[in-house]
Structure formats: structure tokens, C-alpha cells
Amino acid sequence: MRSTMQDAPLLIRDIVRHGQWMYADKQVFTATPTGVVQASFATVAERAQRLAAALTALGVRRDDRVATLMWNNQAHMEAYLAVPSMGAILHTLNVRLFADQLAYIINHAEDRVIIVDASLVPLLARIKDRIPGVAHFIVNGPIDEAPFDVLDYQALVSENEPGDHWPDLEETDAAVMCYTSGTTGDPKGVVYSHRSIWLHSLASTSANSIALSDRDRCLLVVPMFHVAAWGAVYTAFMAGSELIMPQMFLQGEPLLEMMTQLRPTTALGVPTIWNDVLRAAGGRSDVDLSSLRMILAGGAAVPRFMIEAFRERHGVDVLQGWGMTETSPLVAVSMPPAGVSPEHEIDYRVKAGRVMAGVQIRITDEDGAVLAADGVATGEFELRGPWITASYFGVDAPELFRDGWLRTGDIGTLDPHGFMVITDRAKDMIKSGGEWISSMELEATVMGHDGVFEAAVIAVADDRWQERPLCVVVRTPDSTVSAEELRAFIGPSVAKWWVPEHWSFVEAIPKTSVGKFDKRALRRLLAEGQLEVETLG
Ligand code: ADP
């Protein structure tokens, strides 16, 4: 029997219409070198209609790819709203990619138009000759001299009339595409649908996840090229949450300024950024983070000390989120279950999170057998659900799927209540004497030392044990902590045979384009003999 319900598709244009009407006065704040500019949701939505009119006039049609090479700012948000609503596909380009990778991705995705922030034009100029399929470049912001033919974003938006440019589409049509950052091979394209974005946004408004609502003002530190800004732009427009766009000012000090001045209630970003904010706040007595009801840290493991430090020093709760480009990204959020006493909440916050309604999860062993969700059995996480990808754009990767489930490459346990604990990424685990050592757990433990700013652990080949851990450490400014001291410090917290004998002290740990520890780069430095390694007896 069919239901009696109407067959109304879930389309992004209806998120835009909803925000434009219900939350017309809500504001989007953008940091600029000369101060903060702001615009209402009504204005942003109207400008999105004008942008759609301009793109239509340029010949953009259904399914055409319109790419953005932009920081977190209002114009980028306008493209987020306009491009999918008009039936084209928004392709967010990673502003930190090397020129070669950028050219590869633009050609692979068959981008027809690129909207680019003025400050990023030099990056495009370097590959302009290698991307012949791009018909138009639209520049947001003033430039002295264009190195190739460009159109002016602000002029296009003001010259075109708003009108209704939002056609009827299928909810399963492509809306947004995003390439994985390629830490595990060639970048691969993931294509989100209107439906997947709708459901992911709804899930993000749930009180069991991050509960974005019209009471929130959200500081969006996660770059808008990373997994569609973790869905936050669409969720904000759906729920009426204001947004603060930090542009390219992503270091601890300017972020603290923004938090003090604009009083966000929530903030989203990777743990390395929050570590930097903690460092910047360290010696200051004028820091007031009391407006924050929570920080969502995700994209990499969140160490316990960071959660404790935000709570103890600033009264702010940190929630951890787990996800991937392939999963839209939110799959799990570490909201402690009801009834847990305040002193035990941390035991949940250090986990990757409890799986949200809509996503199915299982763990499997190396042969694909499903393991028990008992908090003990350890295997690879596999996922199914309406916002989990079923394939990649234009490439086959059968090894990343099993019977319709996405294989995540993340290893860990699942407890009977659906909380994920990540031990490590499969490729980062260290095999010592036939047993696995979790690089992630070692890092989190070492970073608990006051004299350590950052720590990353990679494997080094070992004749006797096959592999042993090497811990690469960045000290805090006045710290002189030694390898012996760190060895003694972590001794009580991890198994004896986990304790690294190899240590290296460096000025900075290389980061990926989204700010995670770049272990591939570290391994390369080690192979090239560029890491000075101290081996304890
Ligand atoms: P990349 O592979 O380049 O890092 P993604 O941003 O898609 O690209 O990263 C997804 C991966 O990030 C996950 O597979 C997982 O290894 C890691 N990750 C994300 N969130 C967490 C978390 N809360 N704890 C540990 N690892 C995480």
C-alpha cells in the first residue's frame, strides 16, 4: 500500500526559501582586513538569486559544474545557495592544494566556471593554461591587474535582477561535489545530492547531535572547501543559525578576537586549530569564551587534555564529531548520554561519538566477517545510509566498498550503545612484534604533557619488531622537556611495549590542507633523513 503523503522532493532551494523567509533578519558576519562586514539572510538569499541569474546569462545549465576557490566568506555562501538551487553543481576547490592537483581536479570534475577570491587569483594563474574547459572566471574582490580574462563578482551580482531561478529538480540530483584531500592516493570526487544534504542538515539540527538552531551563532572555522563546510551552511540556513566567516584568518589570535567581539555560541573546526586557540589564550586574562555552548572538534582525534582544558580554563564543552568526505561528513557526535554524571561526561566526549539516526554502522574483521558491537572486538568501521557515498565520481574503487557498505579505513570498537572508539587509521597503525600500537592514542597521551604543543607518531622500520613508533614533538615556547621526561610521563598511561624509544623534536609538524597532521609528509622527511631522531636506550 502507498502512503497518503505528498511526494515533495527535498531540494536545497527550499532550504534557501525557508531561511530567506523565516530567518530574514539573521546575520552572516565576514572578517575582512578592514573589519567585520555583515549581511542578513534575506540579503544573502537575494544575492544568491542574482548570482543564479548571472550564471544563467553566462550559459550555465543544469548539471554544469560551477567551482569555487574561496575562503570562508559571504560570497562563498551565496554560491553555496545559488548553484545547487539553479540545478547546477557546486564544486568546492581546496585552496591549499598544489597547482598540479588543482588542475587535475578541475579537469576531472569538468568545471565550466570558477568563482575565485581575488587573493587566490595568482594560484589559478599558474594553471590557467592547463584548464581549457573552464569558460569563465569570476573574481570576488578587487584586483590590480587580471592575468587573464575575468568577470567581476560584485558587478555581476548587482547588475542582475533576483527573480525566481530555482527550477523543479529531482531530490537525488547532484548538488555539490567535493574531492577527498588525497592523503590516501589520488583525490577522488564525492557527489552529494539535494536529498543527502537535506537529511544531513536535519540530522545536524537534532538535539542528539550538534543541535544547531535559531539560538545559535556559529563560528565556521572549518574551511568551506572541506566536506561542504561540514554541512554547516545549509544547516544554518535551515535552522536560522547565524554564521561567522573567518575568511583566511584561521590562527589562534584572530579567532580569539572574533570570539570576543562577535560572541559565537558554537564553533566548528579541526583539533589542531582548537589547540592553537588554547595556546593563544594561554597567558591572557582578557579572554572570555563564555558565549560558547560548545565547540565541535572533528576530522581527527580530539585529545582528552584539550577537552579538559577548554572546560577547566574557559568553561566550554567540546563535542567530538566523526566523519569523512565520503560521509557528508557527520556520522557520529560524542554527546554524552542522559543521566551520565558530570565527572563521567569526559569518558564519552573522548570517544569519536554515537552514530546519528539514519546511518547504519558495523565493524568487520580482515575477512569481512561482522564483529560484535561489544566495545571490545576491534575491526574496520563500515557504513550505509542516505548521506554515505555509494561510489566515486568517474573512477572505480571497488576495494573501498563491501556489499553496498562503505569501508572507512578507520579501525576501532563499537559499544552496545553505538559509540565509536577509533583506535587508528588502518594505515597509521604501527605493527610491533605482531601486535598493533595506536599512533593516535600515543599522540593524545604525549600531548597531555604541559611542555608539549603537538605530537605526531609514525612507524619506523625495525629489524627485530618489524616496526616501532617514532614520536615527533613540538615543544611549547618555554619548554625544554626531554625524550626521557616524556617517556617517564607516558609510562603509567600506556602498555610498556608501546612506549616509543625514538623521539624527534621539531619546530612544526607538517599539516594537510585542512590542518590535520600530515603523516605522509612526516614519513617522507624521515626517509629523506631530514628528521633528527634521538633513540633512547
Ligand atoms: P583525509 O583522508 O584527507 O583526512 P577526510 O577529511 O575525509 O580526508 O578525513 C576523514 C578521516 O578523518 C576519517 O577516516 C578519520 O580517519 C579521520 N577522523 C575524522 N574524525 C575523527 C575523529 N573524531 N577521531 C579520529 N579520527 C577522525
Side-chain angles (χ1 to χ4, degrees), residues 92 94 96-98 101 105 177-192 200 209-210 221-231 268-275 295-304 306-307 318-335 348-356 359 361 363 380-383 387-389 392 397 400 406-414 419-429 438-444 447 456-457 510-522:
T92 52
N94 183 331
R96 297 222 173 80
L97 285 187
F98 292 115
Q101 261 186 334
I105 289 175
M177 68 195 294
C178 196
Y179 278 68
T180 60
S181 45
T183 47
T184 48
D186 261 349
K188 288 187 280 300
V190 174
V191 186
Y192 312 109
H200 180 268
S209 66
I210 57 174
V221 185
V222 51
M224 284 169 78
F225 60 74
H226 190 219
V227 207
W230 298 0
L268 276 55
V270 294
T272 42
I273 293 266
W274 300 123
N275 202 23
I295 285 175
L296 180 71
V302 185
R304 174 180 283 260
M306 186 185 294
I307 302 172
V318 174
L319 273 182
Q320 179 160 187
W322 182 93
M324 312 168 71
T325 305
E326 289 84 341
T327 68
S328 295
L330 275 184
V331 161
V333 176
S334 70
M335 176 68 76
Y348 290 91
R349 292 184 190 277
V350 292
K351 300 183 184 197
R354 175 147 61 176
V355 176
M356 300 154 92
V359 180
I361 191 162
I363 43 173
E380 180 178 1
F381 291 101
E382 296 186 352
L383 303 166
W387 61 87
I388 310 297
T389 203
Y392 292 93
L400 299 179
L406 171 74
R407 300 181 61 178
T408 65
D410 278 8
I411 306 294
T413 62
L414 195 58
F419 274 89
M420 301 167 70
V421 173
I422 311 279
T423 317
D424 223 336
R425 282 184 159 194
K427 63 186 167 40
D428 291 339
M429 292 184 75
S438 159
S439 65
M440 242 172 59
E441 201 170 323
L442 278 179
E443 288 157 7
M447 284 194 279
V457 173
K511 305 274 169 29
T512 70
S513 56
V514 295
K516 307 186 195 186
F517 295 143
D518 188 344
K519 296 200 180 178
R520 260 212 315 202
L522 267 184

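In this text the structure is predicted, and so the values were computed from the model without any measurement. Whatever order the structure lists them in is the order used to number ligands and atoms, beginning at 1.
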Side-chain donor or acceptor of Glu443 paired with backbone N/O of Ala456 under 3.5 Å: no
Per atom 2 (O) of ligand 1, closest listed option by heavy atom (Lys427, Arg425, Met324): Arg425
Close-contact set for ligand 1 against Gln320 heavy atoms, below 4.0 Å: 22 (C), 23 (N), 24 (N)
Ala300, portion touching ligand 1 at heavy-atom distance under 4.0 Å: backbone
Contact with ligand 1 for Gly409, non-hydrogen, under 4.0 angstrom: no
Exam field: side chain Thr180 to backbone Lys188, donor-acceptor pair closer than 3.5 Å: yes
Cation over ring face, Lys519 and Phe517, 6.0 Å, 45°: no
Asp410 heavy atom under 4.0 Å from ligand 1: yes
Numbered atoms and elements of ligand 1 in range of His226, under 4.0 angstrom, heavy atoms: 6 (O)
Donor-acceptor side-chain pairing of Thr512 and Asp518 below 3.5 angstrom: no
Positive for side chain to side chain contact (heavy atoms under 4.5 Å, CB included) with Phe381, one of Ile361, Val355, Ile411: Ile361
Any N or O of Gly321 closer than 3.5 Å to N or O of ligand 1: yes
Main-chain N/O of Gly269 paired to Trp274 side chain as donor or acceptor, under 3.5 Å: yes
Backbone or side-chain N or O of Gly299 under 3.5 Å from ligand 1 N or O: yes
